[in-house]
**Student:** 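The structure that follows is given in the form of structure tokens.
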Amino acid sequence: MKPPCALYYSLWFLVLLGVGSLLLLVHLQDLSETAQHQNSGVNVLLAPRREGVEKDVQTDASAAAVDFKVSSVSSQLVLEDSSSDQPLTKRHRKLLLKSSFTMSSTSFGTDKERHLQQLTRTQKFRRHLLADVCARYQPGVSQRRVSQQQVSRVYVEDGSRLLYCEVPKAGCSNWKRVLMVLGGSATSTRDIPHDAAHYSNHLRRLESYDRAGITERLRSYTKVLFIREPFERLVSAFRDKFESPNSYYHPVFGRPIISRYRTNATHTALRTGAGVTFREFIQYLLDVRRPVGMDIHWEPVSQLCNPCLLRYNFIGKFESLEDEANFLLQSIGAPRNLTFPDFKDRNPQEERTSSSITRKYFDQLNSTERQKAFDFYYMDYLMFNYQKPFTDLH
């Protein structure tokens, strides 16, 4: 017996229904997978943009901030994708691989951002500390009129809107080289000899401007000061000026120092001024009736650069000179190929003055002499947060 037509129609209907259901299920799965890849934030992984990072005017701090943001988003998305109950498709694997590469490539940016933030916090602390010390010991000084003599050690770089107070024995030779490159009078810091940096640098000092020019630059320019541990700076100056041949400091300072403080000085010593001892130098420094005047190489920074009056925006330290100087150069938008030089071109064969070398020199003094020397530089220690170099100081 032949099956009725109604049976054939029923079978065909069931087959078509099954095929249609299968196609619909496959289509819905594709839509679900596509929707997962279009969730908020995933497009950052597919094409992270870093607009402005390649621009010369963009600082490395901003670039690091972009890297930090991308890395944080990538990390969060990787965790979310890996914890999903959905099967790991081919597209998922590609996204996870790409996000892992993004995280590794931006880890340096994250570390750099943290370092830049630390440098920024350090600057804020130093400015606040200086302001507190000034308010306590020199109240109201910042409201006084600035004289030309008080800015005689401040160099000007108008192109970068930068003011730099020269502190000898705290990296000033290399800072002058940097200012020369910024000003266009030199193309590389390494091409500038020591004497050229000091005696033919073509740099203007703030005192050379008229009253209005001085006031405007103090108001609107970045004011920079780099300092050094006071005793270490003092020993560095002594070694440079009195232990090495010097046609100026030996006759001008050495002869009167030997004449005043050395008993039974030889005729040769009195004639040449060579061979000043560290103790004799300290005696001269602490004498209120010095036989010869003060010199910028050992004058306290609190007097040399008038920090309470000029209110510096950036206070760097010689102990971390290269790192902080490069941070400053990036902040003012200096050319990317300009970095702070680290070479020592004066008496290069001699070891740099360190804390251990400084201690050896001060061990030649008695406790009273050390205390008086500390008192002489007390404001520098206080303003710039240097610790007492000897435990018996008070």
Side-chain angles (χ1 to χ4, degrees), residues 126 129-130 133 152-155 164-176 194 197-198 224-244 246 248-249 253 257 276-286 290 293-308 310 312 314-325 340-348 350-365 369-390 393:
R126 290 175 185 170
L129 174 63
L130 178 60
V133 173
S152 61
R153 309 312 311 177
V154 177
Y155 286 88
Y164 164 71
C165 185
E166 173 190 23
V167 177
K169 315 312 299 179
C172 70
S173 298
N174 282 335
W175 263 116
K176 289 179 181 179
H194 179 272
H198 285 281
V224 178
L225 174 65
F226 270 80
I227 40 83
R228 185 176 185 175
E229 203 282 333
F231 276 11
E232 189 174 305
R233 174 174 168 248
L234 179 66
V235 171
S236 177
F238 173 78
R239 295 176 70 203
D240 181 28
K241 304 308 178 187
F242 295 103
E243 290 188 344
S244 301
N246 194 295
Y248 173 77
Y249 282 90
F253 285 86
I257 288 176
V276 172
T277 68
F278 186 64
R279 169 165 277 164
E280 291 169 343
F281 175 64
I282 293 299
Q283 287 178 303
Y284 143 79
L285 184 71
L286 302 178
R290 300 184 190 96
M294 181 55 62
D295 184 83
I296 63 172
H297 288 83
W298 44 83
E299 183 176 5
V301 178
S302 56
Q303 300 173 16
L304 183 68
C305 292
N306 298 286
C308 290
L310 302 185
Y312 291 90
F314 192 99
I315 303 169
K317 289 193 173 184
F318 182 83
E319 292 75 19
S320 50
L321 174 60
E322 189 174 353
D323 189 28
E324 295 186 5
F340 194 82
D342 60 353
F343 53 86
K344 179 179 185 288
D345 64 347
R346 185 161 179 83
N347 302 320
E350 298 290 338
E351 183 182 357
R352 288 182 185 271
T353 302
S354 62
S355 59
S356 59
I357 290 178
T358 299
R359 178 168 287 274
K360 290 179 182 179
Y361 279 83
F362 274 88
D363 283 342
Q364 301 172 24
L365 309 179
E369 291 168 330
R370 285 198 298 268
Q371 182 62 54
K372 289 181 178 180
F374 178 74
D375 293 341
F376 185 81
Y377 289 104
Y378 177 72
M379 289 306 299
D380 282 10
Y381 277 97
L382 195 62
M383 286 179 172
F384 306 117
N385 198 36
Y386 283 110
Q387 301 300 310
K388 293 179 182 179
F390 292 90
L393 297 174

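Below, each value reflects all heavy atoms present in this structure, side chains not excepted, and no hydrogens, waters or symmetry copies. It should be emphasised that the depicted structure is a prediction, and the values quoted were computed from it without experimental measurement.
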**Student:** So Phe374 and Tyr381, would you call those rings parallel, tilted or perpendicular, with 30° and 60° as cut-offs?
**Tutor:**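 Because their plane-to-plane angle lies in the 30° to 60° range, the rings of Phe374 and Tyr381 count as tilted.
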**Student:** Please tell me whether Phe281 and Trp298 form a close aromatic pair, meaning their ring centres lie under 6.0 Å apart.
**Tutor:**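 Between Trp298 and Phe281, which both carry aromatic rings, the centre distance is below 6.0 Å.
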**Student:** Sequence neighbours excluded, which residues qualify as disulfide bond (SG atoms under 2.5 Å apart) partners of Cys172?
**Tutor:** none
**Student:** If you take all heavy atoms of Leu304 and Cys165, which pair is closest and at what distance?
**Tutor:**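 Distance-wise, the nearest heavy atoms are O-SG, 4.3 Å.
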**Student:** Drop me the distance from Lys372's NZ to Ile282's CD1, to the nearest 0.5 angstrom.
**Tutor:**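 Lys372 atom NZ to Ile282 atom CD1 measures 12.0 Å (nearest 0.5 Å).
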**Student:** Please report the interatomic distance CG(Asp380) to CZ(Arg228), rounded to the nearest 0.5 Å.
**Tutor:**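 Reported to 0.5 Å precision, the distance equals 13.5 Å.
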**Student:** Using modelled atom types and a 3.5 Å cut-off, is there a donor and acceptor pairing between side-chain atoms of Gln303 and backbone atoms of Pro300?
**Tutor:** no
**Student:** Pair Ile357, Arg239 - check side chain to side chain contact (heavy atoms under 4.5 Å, CB included), show working.
**Tutor:** CA-CA 11 Å; Ile357 290 178; Arg239 295 176 70 203; 3.9 Å; yes
**Student:** List the atom of Leu365, the atom of Arg370, and the distance in Å for their closest heavy-atom pair.
**Tutor:**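 Scanning both residues, the minimum pair turns out to be O-NH1, 2.9 Å.
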**Student:** So do the side chains of Lys241 and Val276 get within less than 4.5 Å of each other, counting heavy atoms only?
**Tutor:** no
**Student:** Nearest 0.5 Å, please: how far is CG in Asp295 from OH in Tyr284?
**Tutor:** 6.5 Å
**Student:** If we ignore angles and hydrogens, is there a donor and acceptor under 3.5 Å between the side chains of Lys176 and His198?
**Tutor:** yes
**Student:** Between His297 and Lys169, which heavy-atom pair has the shortest distance, and what is it?
**Tutor:** CD2-CD, 4.0 Å
**Student:** Have a look at Trp175 and tell me which of Phe318, Tyr155, Phe340, Phe314 forms a ring pair (Phe, Tyr, Trp, His ring centres under 6.0 Å) with it.
**Tutor:**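 With Trp175 as partner, Phe318, Tyr155, Phe340, Phe314 yield a single ring pair (Phe, Tyr, Trp, His ring centres under 6.0 Å), made by Phe340.
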**Student:** After noting the C-alpha distance and the side-chain angles of Phe376 and Leu234, does the key distance pass the side chain to side chain contact (heavy atoms under 4.5 Å, CB included) rule?
**Tutor:** CA-CA 11 Å; Phe376 185 81; Leu234 179 66; over 6 Å; no
**Student:** With side chain to side chain contact (heavy atoms under 4.5 Å, CB included) as the criterion, how do Glu299 and Met294 come out once you've worked through the C-alpha distance, each side chain's angles and the decisive distance to 0.1 Å?
**Tutor:** CA-CA 7 Å; Glu299 183 176 5; Met294 181 55 62; 3.9 Å; yes
**Student:** Salt bridge or not between Arg126 and Glu324? Use side-chain N to carboxylate O under 4.0 Å.
**Tutor:**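 Result for this pair is yes, salt bridge flagged.
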**Student:** Whether Arg359 engages the ring of Phe390 as a cation-pi pair (distance to the six-membered ring centre under 6.0 angstrom, angle to the ring normal within 45°) should be assessed.
**Tutor:**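 Yes, a cation-pi geometry holds between Arg359 and Phe390.
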**Student:** Roughly how far, to the nearest 0.5 Å, is CD1 of Ile257 from CD of Gln283?
**Tutor:**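 Nearest 0.5 Å value for the CD-CD1 distance: 10.0 Å.
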**Student:** Would you compute the distance between atom CE of Met383 and atom CD1 of Ile315 and round it to the nearest 0.5 angstrom?
**Tutor:** 9.5 Å
**Student:** For the pair Leu310 and Leu225, evaluate side chain to side chain contact (heavy atoms under 4.5 Å, CB included) and give the outcome as yes or no after the intermediate values.
**Tutor:** CA-CA 10 Å; Leu310 302 185; Leu225 174 65; over 6 Å; no
**Student:** Compute both the distance and the angle, then confirm whether Lys317 meets the cation-pi test with Tyr386: under 6.0 Å from the six-membered ring centre, within 45 degrees of the axis.
**Tutor:** yes
**Student:** Rounded to the nearest 0.5 Å, what's the gap from CZ on Arg153 to SG on Cys305? Could you check?
**Tutor:** 8.5 Å
**Student:** Do the ring centers of Phe226 and Tyr164 come within less than 6.0 Å of each other?
**Tutor:**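 Ring-ring flag for Phe226/Tyr164: false, centres at least 6.0 Å apart.
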**Student:** Using a 3.5 Å distance criterion without hydrogens, assess whether the side chain of Arg279 forms a donor-acceptor pair with backbone atoms of Gln364.
**Tutor:** yes
**Student:** On a heavy-atom basis, which atom in Pro389 and which in Phe231 lie closest, and how many Å separate them?
**Tutor:** CG-CD2, 3.5 Å
**Student:** Tell me the closest heavy-atom pair linking Pro307 and Ser302, and the distance in Å.
**Tutor:** CD-O, 3.6 Å
**Student:** If I compare all heavy atoms of Arg352 with all of Asp342, which pair ends up nearest, and what's the gap?
**Tutor:** NH2-O, 3.1 Å
